[in-house]
Amino acid sequence: MPEGPSIILMKENLQKLVGKKVIEAHGNAKIDHPILKGKILKEIRTFGKQTYLVFDDIAVRIHLLMFGSYSVDEQTKPDRQLRLALIFKGSGMYFYTCSVKLVDSEFLAAIDWEADVMSDEWNPKKAEKKLKSKPEMMVCDALMNQDIFSGVGNIIKNEVLFRIEVQPESLLGNMPAKKIKELIAEARNYSFDFLKWKREFTLKKHWLAHTKSVCPKCGEKLIKKQTGLGKRRSFYCEKDQKLY
DNA sequence: ATGCTTGTTGTACC
DNA sequence: AGGTACAACAAGCA
């Protein structure tokens with residue numbers, strides 16, 4: 001489920017419940033469920049991998065983490081613990097295996113919305129500034145950093161680095177300004193390709209590097225390695241992706 | 001079937 | 001104070 005573009009799809013699927021009143025809230029999330037009862041769902045906002053169900057004075061923050069899932073108007077009961085259910089008149093939303101928190105409006109106001117690669121407010125100049133201030137950071141960690149590229153996950157990371165022909169362990173400070181600009185442009189660009197392909201259920205088919213064993217460009221064997229401080233798996237071609 | 005993973009948070013320990 | 005490092009969480013897949 002959980003990289004930024006998938007969260008956009010989740011928002012779309014939940015959208016039909018906006019404007020409706022919560023009749024009942026339950027589930028094993030450690031929140032004060034009754035507080036949501038009777039409130040109108042004003043809007044749904046997303047920030048990277050996070051989803052905010054916004055009510056008058058409070059918002060529910062949902063983060064699907066690695067294995068989270070959701071459903072709208074579920075027909076059959078899934079075989080796992082229900083984390084949160086919000087029941088509306090004739091409809092409902094259900095969340096599983098995710099992090100659920102109540103936050104206030106100040107919390108929303110403090111978010112740097114310009115860091116979200118999927119957002120209209122995405123600010124590439126700001127991203128550039130953040131990257132320039134961290135010359136010692138590996139590019140694989142930078143892409144996964146949610147303060148810089150909110151919404152980018154491991155799949156997007158691997159595909160972006162393959163596209164711009166940069167080895168994951170490259171240091172930001174060693175990369176020419178032009179490459180940094182490519183990195184920023186492609187992080188957004190690929191995220192929208194991801195969204196399009198996910199919508200068509202053809203995402204996996206379009207992977208060039210992620211989980212692949214052979215380089216589609218040169219036919220050499222791809223390297224699979226845990227990289228960066230995050231120790232997340234990277235797939236890359238030693239021949240086609242340059243180490244800066 | 002055991003190990004791995006599209007992710008983050010908390011806590012212990014320097 | 002700051003960072004680092006790992007455990008914990010959990011479901012679906014190969």
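The shown structure was predicted, so the numbers you read here are calculated from the model rather than taken from an experiment. Chain letters run A, B, ... following the sequence lines, proteins first, then strands; residues in each count from 1.
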* **Gap between atoms CD1 and C1', on Ile7(A) and dT8(B) respectively (whole Å)** => 13 Å

* Arg232(A) side-chain N/O to dT5(B) phosphate OP1/OP2 under 4.0 Å -> no

* To do: Please check the phosphate of dT8(B) (OP1 and OP2 only) for any side-chain N or O of Lys49(A) closer than 4.0 Å.
  => yes

* Rounded to whole angstrom units, what separation is found between the CD atom of Glu3(A) and the P atom of dT5(B)? -> 14 Å

* Specify the separation, in whole Å, of atom CD of Gln50(A) and atom C1' of dG7(B). => 11 Å

* Of all the nucleotides listed (dT8(B), dG7(B), dT5(B)), which has the minimum atom distance to the side chain of Gln146(A)? -> dT8(B)

* Asked: For dT5(B), does either OP1 or OP2 sit under 4.0 Å from a side-chain N or O belonging to Arg233(A)?
  -> yes

* So among Lys242(A), Lys217(A), Lys179(A), which one has a salt bridge (Lys or Arg N to Asp or Glu O under 4.0 Å) with Glu165(A)? -> Lys217(A)

* Asked: For Arg83(A) and dG7(B), what is the distance between atoms CZ and C1' respectively, to the nearest whole Å?
  -> 14 Å

* To do: Give DNA chain B the dot-bracket treatment, 5' to 3': Watson-Crick (N1-N3 with N6-O4 or O6-N4) or G-U (N1-O2, O6-N3) under 3.5 Å, [ ] crossing, | other strand.
  => .||||.||||||||

* **Test salt bridge (Lys or Arg N to Asp or Glu O under 4.0 Å) applied to Glu159(A) and Arg163(A), step by step** => CA-CA 6 Å; Glu159(A) 294 296 312; Arg163(A) 277 190 175 184; 5.9 Å; no

* Structure fact -> Span of DNA chain C engaged by chain A, first through last nucleotide within the 4.0 Å heavy-atom cut-off, is dA10(C) to dG12(C)

* **Salt bridge Lys134(A)-Asp141(A), side-chain N to carboxylate O under 4.0 Å** => no

* Asked: Thinking salt bridges, do Lys196(A) and Glu200(A) make one under a 4.0 Å N-O criterion?
  -> no

* Using the closest heavy atom to pick a nucleotide of DNA chain C for each, name whichever of Lys231(A) or Gln81(A) lands nearer the 5' end. => Lys231(A)

* With respect to the phosphate group of dG7(B), does any side-chain polar atom (N or O) of His63(A) fall under 4.0 Å of OP1 or OP2? -> no

* Structure fact -> Taken to the nearest 0.5 Å, the spacing of Glu169(A) CD from Leu243(A) CG works out to 7.0 Å

* Is there a donor-acceptor pair under 3.5 Å between the side chain of Gln146(A) and the backbone N or O of Val152(A)? -> yes

* To do: Verify, without hydrogens or angle tests, whether Asn158(A) (side chain) and Asn154(A) (backbone) share a donor-acceptor contact under 3.5 angstrom.
  => yes

* To do: Could you check how far CZ of Phe67(A) sits from P of dT5(B), rounded to whole Å?
  => 10 Å

* Round to a whole Å and report the spacing from CD1 of Ile62(A) to P of dT8(B). => 15 Å

* Provide the distance between the two P atoms, one in dC9(C) and one in dA1(B), to the nearest whole Å. => 23 Å

* Take Lys204(A) and Leu65(A), find for each the nucleotide of DNA chain C with the closest heavy atom, and name the residue whose nucleotide sits nearer the 5' end. => Leu65(A)

* To do: Would you mind reading off the distance between Met118(A) atom CE and dT6(B) atom P, rounded to a whole angstrom?
  => 19 Å

* To do: In whole angstrom, give me the gap between the P atoms of dG3(B) and dA7(C).
  => 15 Å

* Structure fact -> Asn158(A) atom CG is separated from dT5(B) atom P, nearest whole Å, by 11 Å

* How far does the C1' atom of dT6(B) sit from the matching atom of dA5(C), given to the nearest Å? -> 23 Å

* To do: Run the salt-bridge test on Asp56(A) and Lys42(A) with the 4.0 Å N-O cut-off and return the result as yes or no.
  => yes

* Is any side-chain N of the basic residue among Lys49(A) and Asp116(A) closer than 4.0 Å to the acidic one's carboxylate O? -> no

* To do: Using a strict cut-off of less than 4.0 Å between a Lys/Arg side-chain nitrogen and an Asp/Glu carboxylate oxygen, indicate whether Asp112(A) and Lys126(A) qualify as a salt bridge.
  => yes

